[in-house]
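All remarks here apply to the structure that follows.
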Number of protein chains: 2
Amino acid sequence: MKLSATSNVRQHILDTAKPIISSKGFVAVGLNEILQTAGVPKGSFYHYFKSKEAFGEALLETYFADYLLQLETVLTQPGASAAQRLMRYWQYWLDIEADCDPKGKCLAVKLAAEVSDLSEGMRKVLEQGTGAIIARLAQTLEQGVADDSLRPWTESSEAATSLYQLWMGASLRAKITRDRKPLESALLATKRMLGLD
Amino acid sequence: MKLSATSNVRQHILDTAKPIISSKGFVAVGLNEILQTAGVPKGSFYHYFKSKEAFGEALLETYFADYLLQLETVLTQPGASAAQRLMRYWQYWLDIEADCDPKGKCLAVKLAAEVSDLSEGMRKVLEQGTGAIIARLAQTLEQGVADDSLRPWTESSEAATSLYQLWMGASLRAKITRDRKPLESALLATKRMLGLD
DNA sequence: ATTTAAAATTAGACCAGTCGTCTAGAGAAG
DNA sequence: CTTCTCTAGACGACTGGTCTAATTTTAAAT
């Protein structure tokens, strides 16, 4: 079994597609563009994915898997209070989303609106992925309550939900205005909502 | 000059397109679908708009114009405090965005991510439109400070920005989850941020 | 009132591009 | 030497936005 090679090509397609779709969207990008960039013939694509939609689901799945891994490392930095770890996360978010190049930006923000009325499968992955992120944030909020480094205005999972959504909205508006002010507003509001000032 | 008829057809195309694009997005919808639905021949389109992109700009322009008008009536309801008028606005937002049918929903939320990396023209309209909404909200926040019906955590325009973005994010996530919880979280957070509890 | 010039509107051709299919064969594994 | 995975890319059926040329409508002038 050549399973490693199999997943290499598959993963290579996914890796190539990420920055392209991240900047142009899902519908606007054709398979041709992705496959030419990846140097993979079209015939192979349908060996690894049964349709463009299935490919979209896989793209989001791997994206969230990676994201959650990174999130984990940020939120478990040793020698920092829960509040500090959390704020470092938002700071990362700000830096990434304030960058001009859309390639590295959050796929959830980019695709949520476009895709969730279009593909039930992709919508579900988005739902599960964002849910997992929020759950992980809630966990750190709990820790912050325990170590008394922050004081959320409400129950942890409720607070995590609102904070995550606040940042989604800020990122969306940052796409519109093309500057970091929306994100800086979010940072300020976040501090306030966590009782950090 | 048949100027009225001209703008009628033009406006008719715009009106027809709004719900379609509101539910399927900009790129995913072809001119054919819009024009067939509108009963306008394809050849006519380029008489009224110089390109699909120009049409997109016009669509957003009329959308924001209408929106600001409605916003104005909600925020000037007589016999209510600034806080009450503002909360009624968010409640409207919640009701619209929690509805299953995407046709009536906010075009800014639907199109921001998809379009602002794609068309500079549409991005600018989005920027100007959301800016105007935020400015109008800030005005009511000021009034609320004046009549002492609410106590924002920061300067009015900063607060208006964060609130609007919070609701954009909540709407985006409501699209993902297909329920009203994200919006209810936003409502709760809003009340808290305005010192209404 | 009839003709004519001009403008508004439409029909449909156009080609590049879409997703997905399909047949053929290359390459590796057992 | 058979079997199976994977590659190759032409192909079909269709849709995309755009544009030019023709038609219809309007207004003006005789």
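Every chain is numbered from 1 and lettered A, B, ... according to where its sequence line falls, protein lines coming before strand lines. Since this is a predicted model, take the numbers as computed values, not measurements. Worth knowing before you read on, the calculation uses all heavy atoms, side chains too, and leaves out hydrogens, waters and symmetry mates.
With respect to Arg192(A) and Asp197(A), a salt bridge is recorded, a charged nitrogen being found less than 4.0 Å from a carboxylate O. Checked for salt-bridge contact, Arg123(A) and Glu120(A) meet the test: a charged N lies under 4.0 Å from a carboxylate O. Asp117(A) and Lys175(B) are joined by a salt bridge, as a carboxylate oxygen and a charged side-chain nitrogen come within less than 4.0 angstrom of each other. A salt bridge does not link Glu127(B) with Arg173(A): every distance from a Lys NZ or Arg NE/NH1/NH2 to an Asp or Glu carboxylate oxygen is 4.0 Å or more.
In this structure, Glu61(A) has no side-chain hydrogen bond (donor to acceptor under 3.5 Å, both in side chains) partners at least two apart in sequence or on a different chain.
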Step-by-step salt bridge (Lys or Arg N to Asp or Glu O under 4.0 Å) determination, Glu57(A) to Lys124(A): CA-CA 9 Å; Glu57(A) 290 174 36; Lys124(A) 283 230 173 83; over 6 Å; no
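What separates CD of Gln36(B) from P of dT10(C) is a distance of 15 Å, to the nearest Å. In this structure, Leu35(A) atom CG and dT7(D) atom C1' are separated by 12 Å, rounded to whole Å. Summarising the geometry, the separation between OH on Tyr48(A) and C1' on dA8(D) is reported as 13 Å, rounded to the nearest angstrom.
Overall, the helix from dA1(C)-dT30(D) to dG30(C)-dC1(D) carries an axis bend of 10° between its ends, with five pairs at each end and the value rounded to 10°.
Seen from the ring of Phe45(A), Lys50(A) does not count as a face-on cation partner, given the 6.0 Å and 45° thresholds.
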- line: Protein heavy-atom contacts under 4.0 Å, written 5' to 3' over nucleotides 11-21 of chain C as B (base), S (sugar-phosphate only) or - (none), form the string BB-----SBBB
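A close approach under 4.0 Å does occur between a side-chain nitrogen or oxygen of His47(B) and OP1 or OP2 of dT9(C).
No hydrogens or angles considered: a donor-acceptor pair under 3.5 Å links the side chains of Asp15(B) and Gln11(B).
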